[in-house]
K.L.:
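The structure that follows is given in the form of structure tokens.
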Amino acid sequence: MNIVVCIKQVPGTTEVKIDPETNTLIRQGIENIINPFDTYAIEEAVRLKEKHGGKVTVLTMGPPQADAALKEAVSVGADEVILLSDRAFAGADTWATANTLAKAIQKIGAFDLIITGRQTIDGDTGQVGPEMSEMLNIPFIAYVSQIEEIKEGYLRVSRMIEEGHEVLETTLPAIITVAKEINIPRLPSLRGMMKSKSAAVTTWSIKELGVNDKEVGLAGSSTQVVKIFFPQRVSQAEVLTGEPAEQVEKLIGKLKEAKLI
Amino acid sequence: MDYFLTEEQKTIRELARRIAEEKVLPVRAELDEKEEFPWEIVKELAAADMFRVFIPEEYDGLGGGCLDLCLVTEELSRVCCGVATTYAVNALGCLTLIEYGTEEQKKKYLPDIASGKRLAAFAITEPTAGSDSSNIKTTADKVDGGYLLNGTKQFITNGGEAEIYTIIALTDKTRGARGASAIIVEKGTEGFTFGKKEKKMGIRASITSELVFHNCLVPEENLIGKPGLGFIQAMRLFDKSRPGIGAEAVGLCQGALEAATDYAAQRIQFDHPIITEPVVQQMLADMSINTEAARALVYAAARYVDSGAKDVTEYSAAAKVFASDAAMKITVDAVQVCGGSGYMRDYPVEKMMRDAKILQIYEGTNQILRNAIAMNLRKRKART
Ligand SMILES: Cc1cc2nc3c(=O)[nH]c(=O)nc-3n(C[C@H](O)[C@H](O)[C@H](O)COP(=O)(O)OP(=O)(O)OC[C@H]3O[C@@H](n4cnc5c(N)ncnc54)[C@H](O)[C@@H]3O)c2cc1C
Ligand SMILES: Cc1cc2nc3c(=O)[nH]c(=O)nc-3n(C[C@H](O)[C@H](O)[C@H](O)COP(=O)(O)OP(=O)(O)OC[C@H]3O[C@@H](n4cnc5c(N)ncnc54)[C@H](O)[C@@H]3O)c2cc1C
């Protein structure tokens, strides 16, 4: 079972602060971590490997310092790690991100399964996984909460849907995104941590990937961030006074006025 | 302070701290309350390779020494001294084997201890042999097919939960301590049962039990080293393990200091945090000074042990005595700083104070160790 896991390095906080002058994220003083949802993807891949043999390759696109995320992946069981890093990759939207990752996966070659997190805690779109499945033309299943059976060319999973659980089968290779219900990610082991310190991170730039600089990064993005802002919080509270019965009457009137009832 | 640890040692400390904070902290009060053996945590420690730390590399270990063991023990004890005791005693249970065992014995037992599959324990104490540990009565008579054990060991940490026991017993009862030998006994051997499980003041996540041997036959190849050397082997073992008790103490000092400082910074009386009171500040400063002094002495003793030096008795005893006395005083003061709240079970310092006491008692009481240090002083004086 050869498994590719895509992970993203994100700021270790959900309270992202935005510089009002430049409209960019304030990253200073914030430690980078592996996108929490992606830790479940790594764990599931490592468990599958431990059970069925094979290899876990972890892939990320990011700046050079994203190699810390890859080394952490090694400490919890990843066999090979690849960093996609190039100035030309900067400013990618979800399409350009998925495209770059998909090209890298094609370059890796034979794989049975791709696992991604359900979404990131910074970009938050949840689009990269599904987009990659289109680009690679392979089946896609989101929110997987349990892998029920996996064997050569076949996968059966249980996934979360609003009303409960849904069991799906697919051929392999395929791509899945995992929900956090799927497992409890392990802590690293000492051997893993020592191995990770000296782990070799393969780095691919545009050249190694053999892609055109028009299809990656800002140039390859058809969407662009024009502005980031916090939604204005407008609270218009109105206090109704009088006897309870009177208040209820006033409230009903207001609701009717607003065409809410 | 920077103790110039190697990269590997820093990694060990970092991961041990993570386990302590993420896995032990959430359950420590419950483990204490229920006097429950921490199997879940043992599994976590095993998965993280913590039991490999002190096992030689040839037997699936990481080949670390006394200092490496101290670093893990300290971090665990900072959060729970009971869990730290379980961990440290596991090492105690197999160090004799590492030191004096044959290749076959080591191959048979050490990989399972390294992986955390099986825990180890060490037993010398008996009802008649506490401080006077040479006064043991348990016998191991040479018979056809091995040694026949009879007798009772008391207050044995990890007793009942461990699978591999190093037992000090008399293979020649006519010679007293000189007739003692170290023998490995596996849990499940016929004639080997567990008696009373003790109810303790502190370190309640650690288990302390009686071991009962009744015509328990163990194979001859389970003898460690030569017959008659058991008592000396045990004394050498304690020389090496005592810095580990010191490390438990340092962890407790650190935990208590942090808890007291946090509390003093947020507790408001007379309109200001009590940490602004000079008297409280003096107490915290003394706690801090003694914590660091204890740590420095423990690390120095551990490094001296790791250097292979022979004359370690005095220094490892000093590290254990100084650090455990510091832990007792600091945890008492931590409760004082936390006032009425500190006396309550909802706050961690109450447990820390109960836990600290054992450190002045086991692996040689502090009085007995002071005797040993004084004896060395006298010997040195006599030689000059
Ligand atoms: C503040 C901000 C604003 C943004 N605005 C826009 C915008 O307007 N339009 C737009 O199209 N995009 C926008 N992006 C998206 C940005 O380009 C994304 O960070 C990136 O494309 C990945 O998308 P995502 O973070 O939403 O990942 P998701 O699609 O939520 O991630 C799903 C999974 O895909 C994998 N994955 C995601 N990124 C990577 C990676 N770099 N390397 C490896 N695996 C990865 C992970 O497994 C992850 O769990 C914005 C991002 C941020 C932080
Ligand atoms: C929780 C716990 C766990 C333990 N785990 C283990 C274990 O895993 N394996 C094991 O073999 N043992 C273990 N022990 C035993 C422990 O090492 C002994 O309890 C300890 O050595 C003291 O012996 P004692 O309890 O018989 O006290 P005693 O020897 O009866 O001492 C009582 C008091 O008299 C003092 N005293 C005695 N003789 C002298 C002297 N000559 N000079 C000055 N003062 C003296 C002592 O310092 C002490 O204050 C454990 C004990 C406890 C409580």
Side-chain angles (χ1 to χ4, degrees), chain A residues 7 9-10 12-14 30-53 56 58 65 67-79 81 121 180-201, chain B residues 5-27 38 40-65 67-73 75-76 79 83 87 90-91 111 113-117:
Chain A
I7 67 168
Q9 192 181 50
V10 297
T13 171
T14 43
I30 297 176
E31 191 197 359
N32 287 321
I33 58 168
I34 296 180
N35 175 39
F37 290 112
D38 300 351
T39 59
Y40 301 93
I42 300 173
E43 177 66 28
E44 199 58 26
V46 172
R47 287 188 189 187
L48 288 174
K49 174 191 76 171
E50 285 168 351
K51 219 163 141 197
H52 304 282
V56 174
V58 175
Q65 60 267 29
D67 74 342
L70 292 174
K71 291 197 167 198
E72 197 180 326
V74 170
S75 76
V76 289
D79 301 296
V81 290
I121 59 166
K180 68 178 197 313
E181 287 71 16
I182 196 164
N183 59 43
I184 299 171
R186 72 192 65 187
L187 286 179
S189 66
L190 280 175
R191 279 174 165 179
M193 282 175 89
M194 284 164 193
K195 198 170 140 208
S196 81
K197 293 236 152 86
S198 55
V201 175
Chain B
L5 301 175
T6 63
E7 278 309 309
E8 191 163 315
Q9 286 165 338
K10 285 182 194 161
T11 305
I12 290 172
R13 187 177 58 183
E14 180 194 330
L15 186 55
R17 176 166 293 217
R18 253 189 96 178
I19 295 172
E21 290 183 347
E22 291 178 29
K23 306 292 179 183
V24 183
L25 188 58
V27 295
E40 282 305 313
I41 292 164
V42 168
K43 280 188 204 144
E44 294 285 351
L45 291 168
D49 293 333
M50 288 299 162
F51 295 118
R52 295 189 198 280
V53 165
F54 49 87
I55 307 272
E57 286 172 290
E58 307 89 279
Y59 310 102
D60 297 351
L62 292 169
L67 181 57
D68 305 79
L69 186 71
C70 284
L71 294 172
V72 180
T73 308
E75 288 303 333
L76 293 177
V79 170
V83 168
Y87 175 79
N90 184 57
I113 296 173
S115 70
K117 197 171 148 208

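In the text below, chain A, chain B and the rest are named by the order of the sequence lines, each starting its count at 1.
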K.L.:
Roughly how far, to the nearest 0.5 Å, is CE of A/Met194 from CD of B/Glu8?
P.N.:
3.5 Å

K.L.:
Could you tell me which portion of B/Leu62 (side chain, backbone, both or neither) has an atom closer than 4.5 angstrom to a non-hydrogen atom of chain A?
P.N.:
side chain

K.L.:
Looking at A/Lys51, I want to see if its NZ is surrounded by more than 12 non-hydrogen atoms of other residues, nucleotides or ligands under 6.0 Å.
P.N.:
no

K.L.:
Counting heavy atoms not belonging to B/Lys10, are there more than 12 under 6.0 Å from its NZ?
P.N.:
yes

K.L.:
Just checking A/Lys49: does its NZ atom have more than 12 heavy atoms from other residues, nucleotides or ligands closer to it than 6.0 angstrom?
P.N.:
yes

K.L.:
Given side chains that start at C-beta, do those of B/Arg18 and A/Leu187 come closer than 4.5 Å, heavy atoms only?
P.N.:
yes

K.L.:
Backbone N or O of A/Ser189 within a donor-acceptor pair of the B/Asp49 side chain at under 3.5 Å?
P.N.:
no

K.L.:
Quick one: are B/Glu14 and A/Leu190 in side-chain contact, heavy atoms under 4.5 Å?
P.N.:
no

K.L.:
What residue in B/Thr11, B/Ile19, B/Val53, B/Ile12 has the most heavy-atom pairs under 4.5 Å with chain A?
P.N.:
B/Thr11

